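A short write-up of the structure that comes next.
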Number of protein chains: 2
Amino acid sequence: MPLPQKATASEIKSSAEAIQTKILQRICFLDYPPGEQLKEAELAAEFGVSRTPIRDVISRISHLGLVETRNGVGTVVVALSAAQIRHVYDMRLELAPLIGTMSPRSITKSDCEIGQELLQEAKALCKAFDSRKYIEINHRLHELITGLIGNDTLRSFWWQTYCQAASTWYLVSNQRDSEMALALVAELNEINTALDLGDVTAIGFIQRTHIGYGYQRIKTHLLATETE
Amino acid sequence: MPLPQKATASEIKSSAEAIQTKILQRICFLDYPPGEQLKEAELAAEFGVSRTPIRDVISRISHLGLVETRNGVGTVVVALSAAQIRHVYDMRLELAPLIGTMSPRSITKSDCEIGQELLQEAKALCKAFDSRKYIEINHRLHELITGLIGNDTLRSFWWQTYCQAASTWYLVSNQRDSEMALALVAELNEINTALDLGDVTAIGFIQRTHIGYGYQRIKTHLLATETE
DNA sequence: GACTCAGTACCTGTGTACAGCTTAAGCGTT
DNA sequence: AACGCTTAAGCTGTACACAGGTACTGAGTC
């Protein structure tokens, strides 16, 4: 993996960071579903490095509670318990309104364009649902909104809760194809309106609203599969 | 370092965790002031392990933004920028009220006793100020309150912001001895009242109030030392 | 046939050696 | 005397080998 020697500053990330992003994304995107066993040697071979950097990456991811490493056994992707899911969602409901109130960045033309792109793709998704495509659109929407957060700490927390919630969320979404696509289109319509008006505060509350909807869907799903 | 084979469950933490707690505490307590260089080999020798586990610990701490590691140079404890301090405190102001509203644990007799202990120690501090003692009382108060948080995610965030703010906070507190001790006594008086009444919600708002006071002190300090 | 126990395969945890990078000191030149 | 270059020392980043631990398998026994 020959990394470009002198590229843009953003690409200098130490390859370990790139690996972390990839593995984390695989967990969030359900490429590694809960229960999947991550073997350090295997990943090391895939990325063409030794076990050392891989261990480093897994160690950091484990602090999000998404994987659990036990000596002699291995590292497995964990499914968050119902209580944990509740905690994460309760927190996201509180954080969402803060996006717009805590010194947000201003909205650029580029943001609006991305919003429109995502809307078009979401509309296409209504006609032919594709689980993977749904996840990707959602992910890019998340990136768009995260970029509007001006408070470093809030951005970090927002990102953490997204990672923790994503896996469960996408698991549930697999079972409700069209409903999910329609909801996404509705959300993107609202988001685009707020983007055009340059109203980040509105975006925060829109997020709060739709996270609430998603939370409801997950609750019923959890009640259906678990007793708690 | 012969670790006890079968102790209480809480002590099974893999020695790496113990080391992390210690190093993190040293940073928060200003044993490692901003600018201090942490050498992996040195720490490895101190804790009687190789560089590998030390690297692991530092790698995780670096995700809190408290240290920065550069290849070939070393790992230095960083002083958060004025903007970052602002971000952390703005966030703490928002999180504090949630302590009592998001499914808090119930207050036990033991909590009340600890509160009283801390109050007595804080009163003693008014007569003879001791910077180290002040930090320790504050830390134990933080642990007490953190223990009341029922939401795992919120508890994690609360802890993270504390670690990020502590170093700067304690740095400022060094310059205002008696004022700090008096403020701490006042805070503990309020906290103890709320503890006796079993009102966790009140504790959250008391925290919010006093974090606000502390924020003001830090602001004036930052204005005095920096231009921003 | 079911159960127990030893052996084995495979995983993570740790120690260690080496490579790459950065900085600073020391020498030579102007 | 001041500047530039070379060299060396010291740090982190990585690879690899070994130790420790767990779970599974299969033979032996009741």
Side-chain angles (χ1 to χ4, degrees), chain A residues 1-7 9 11-24 26-27 32 34-78, chain B residues 1-7 9 11-24 26-27 32 34-78:
Chain A
M1 184 187 292
L3 52 101
Q5 275 300 1
K6 282 285 181 181
E11 288 191 45
I12 299 185
K13 52 173 156 185
S14 56
S15 97
E17 213 165 313
I19 294 174
Q20 175 167 354
T21 303
K22 265 192 180 168
I23 294 181
L24 196 52
R26 288 180 186 178
I27 294 174
Y32 295 150
E36 176 95 359
Q37 190 174 32
L38 305 184
K39 291 166 214 166
E40 295 175 359
E42 209 171 85
L43 289 168
E46 179 189 339
F47 290 105
V49 295
S50 81
R51 273 181 53 212
T52 310
I54 299 291
R55 278 186 59 75
D56 214 52
V57 164
I58 290 180
S59 164
R60 289 202 286 245
I61 291 179
S62 76
H63 264 35
L64 288 174
L66 294 173
V67 298
E68 197 168 311
T69 300
R70 282 191 306 167
N71 187 4
V73 181
T75 301
V76 295
V77 179
V78 302
Chain B
M1 182 186 293
L3 53 99
Q5 277 300 1
K6 282 286 180 181
E11 288 189 46
I12 298 185
K13 51 173 154 184
S14 57
S15 96
E17 212 165 313
I19 294 174
Q20 175 167 355
T21 304
K22 266 192 179 170
I23 294 180
L24 196 52
R26 288 180 186 179
I27 295 173
Y32 295 150
E36 177 95 357
Q37 189 174 33
L38 304 183
K39 292 165 213 167
E40 295 174 358
E42 209 171 85
L43 290 168
E46 180 190 338
F47 289 104
V49 296
S50 80
R51 273 181 55 213
T52 311
I54 299 291
R55 279 185 60 74
D56 214 53
V57 165
I58 291 180
S59 163
R60 288 201 288 244
I61 291 179
S62 76
H63 262 34
L64 288 174
L66 294 173
V67 297
E68 195 168 312
T69 300
R70 282 191 307 166
N71 187 2
V73 182
T75 302
V76 296
V77 179
V78 301

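Quick note on labels: first sequence line is chain A, next is B, and so on, each numbered from 1. The structure presented is a predicted model; accordingly, all values stated were derived computationally and were not measured. Values reported hereafter were calculated over all heavy atoms of this structure, with side chains retained and with hydrogens, waters and symmetry mates removed.
At the phosphate of C:dG15, OP1 or OP2 sits under 4.0 Å from a side-chain N or O atom of B:S50. Remark: A:R55 is in phosphate contact with C:dG13, judged by side-chain N or O atoms under 4.0 Å from OP1 or OP2.
Contact of the A:V67 side chain with the A:I23 side chain is not registered, since no non-hydrogen atoms from C-beta on lie closer than 4.5 Å.
For residues 60-74 of chain B, the pairs satisfying salt bridge (charged side-chain N to carboxylate O under 4.0 Å, His left out) are B:D56-B:R60, with sequence neighbours left out.
Nearest heavy atoms, A:E40 versus A:I58: CG-CD1, 4.1 Å. The minimum heavy-atom distance between A:S62 and A:S59, with the atom names listed, is OG-O, 2.7 Å. Smallest separation of non-hydrogen atoms from B:R26 and B:L43: NH1-CD2, 4.4 Å. Nearest heavy-atom pair across A:S50 and A:I54 is O-CG1, 3.7 Å.
Rounded to whole Å, the distance from NZ on A:K39 to P on D:dT22 is 19 Å. When rounded to the nearest whole Å, the span between CD1 of B:I19 and P of C:dG13 equals 14 Å. Look at CD on A:Q37: it is 11 Å from C1' on D:dA23, rounded to the nearest Å. Going from atom CZ of B:R51 over to atom C1' of D:dC16 covers 14 Å, rounded to whole Å. Between B:L43 atom CG and C:dG15 atom P the separation is 14 Å, expressed in whole Å. Atoms CD (A:E40) and C1' (D:dT14) sit 14 Å apart, rounded to a whole Å. As a whole-Å value, the separation of A:I61 CD1 from C:dT12 P is 14 Å. Atom CD in A:E17 sits about 12 Å away from atom P in D:dT14, given to the nearest Å.
Distance check, rounded to the nearest 0.5 Å: CD1 of B:I61 to OG1 of B:T21 gives 9.0 Å.
Within residues 68-77 of chain A, the residues approaching DNA chain D are A:N71, A:G72, A:V73, by heavy-atom distance under 4.0 Å.
Within the 4.0 angstrom heavy-atom criterion, no nucleotide atom of any strand lies near A:I54.
Nearest nucleotide to the B:V49 side chain, out of D:dA15, C:dG15, D:dA17: C:dG15.
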